Amino acid sequence: MRTVYVNGDYLPETEARVSIFDRGFLMADGVYEVTSVLGGKLIDFEGHAKRLQRSLGELDMPSPVDPGELLEIHRELVTRNDLEDGMIYLQITRGAPEDRDFAFPDPATTPATIVLFTQSKPGLADSPAAKKGIKVISIEDIRWGRRDIKTVQLLYPSMGKMMAKKAGADDAWMVEDGMVTEGTSNNAYIVKGNRIITRALSNDILHGITRAAVLRFAREAQMEVEERSFSIDEAKQADEAFITSASTFVMPVVEIDGVALGDGVPGRVSQRLREIYIDESRKAAV
Ligand code: PMP
């Protein structure tokens with residue numbers, strides 16, 4: 001049985017409790033982070049911790065922990081759960097006031113709720129999907145306008161994954177005003193020759209921690225990076241495509257809306273970036 005963390009306590013998962021009045025439960029009034037663990041060490045921890053502070057700040061939500069404590073809690077959960085490869089999920093909500101009310105509660109009387117738990121994924125870095133590549137479909141992006149904040153409001157991304165599944169694909173890329181924003185739970189890229197193209201940062205997409213690292217490694221490896229929007233039609237004609245996220249690293253995309261890219265197998269640039277990202281992240285892991 002897993003040991004999880006709830007509001008200062010390490011507990012068996014079956015004993016952990018959150019109130020039914022919690023605003024995360026009632027209103028999706030909460031933020032989250034997912035940090036990967038490889039070889040018992042945290043990948044890109046600092047980036048996730050910084051983005052968490054930013055998400056909290058943008059929503060005027062008090063932080064129940066300081067960043068130093070956060071690292072200790074992550075490490076403690078890795079140790080207590082003997083976690084080798086997998087993820088740590090963290091969620092902070094605006095707490096549980098005495099009643100349901102749209103107005104934010106006073107943080108002095110309603111402390112934030114913090115929950116962390118581990119998910120074990122043995123062999124996370126050698127996923128069979130990465131060798132085959134994944135298929136995506138395109139769907140309309142109907143999410144709200146602050147996608148740069150990592151909120152737990154994940155209903156539409158879940159529906160998008162179900163639409164993909166129904167269509168025989170693995171995931172969906174969302175399109176707004178004719179241009180791809182991002183994947184349901186990842187950032188989206190196309191490759192033309194040696195050039196990597198991905199949408200520029202704005203409130204329209206989540207500022208992926210993996211995205212930042214991958215673009216840095218790509219530039220260091222003398223690959224060209226172009227941060228601009230692209231359409232599904234342009235993507236279908238690309239040489240390669242891929243996605244990035246904390247839990248999939250760099251994952252090649254081999255088909256978009258039924259159209260195979262290049263030879264229909266993971267491309268050279270995507271595979272190389274995956275290798276570099278995993279190698280470098282393992283070296284820098286804490
Ligand atoms: N975009 C969305 C919508 C996401 O949900 C995620 C992952 N949570 C990402 C991008 C990738 O972000 P990261 O690399 O920080 O996991």
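For ligands, and for the atoms within them, numbers begin at 1 and follow the listed sequence. Only a predicted model underlies this, so the values are computations on that prediction, with no experimental measurement involved.
Partners of E58 by salt bridge (charged side-chain N to carboxylate O under 4.0 Å, His left out), not counting sequence neighbours, listed by chain and number: R146. Judged as a salt bridge (charged side-chain N to carboxylate O under 4.0 Å, His left out), and not counting sequence neighbours, R282 has no contacts. Applying the salt bridge (charged side-chain N to carboxylate O under 4.0 Å, His left out) rule to E15 yields no partners; only residues at least two apart in sequence or on another chain are considered.
Counting only distance, with no hydrogens or angles, the side chain of R17 and the backbone of T14 share a donor-acceptor pair below 3.5 Å. Using a distance-only test at 3.5 Å, with no hydrogens or angles considered, no donor-acceptor pair links the side chain of Q119 to the main chain of Y89.
With Y5 as the fixed residue, the side-chain contact (heavy atoms from CB on, under 4.5 Å) test singles out one of I114, I88, L90: I114.
Near ligand 1, heavy-atom contacts under 4.0 Å come from Y32, H48, R51, R143, K150, E182, G183, T184, S185, N186, N187, L206, G208, I209, T210, T244, S245, A246.
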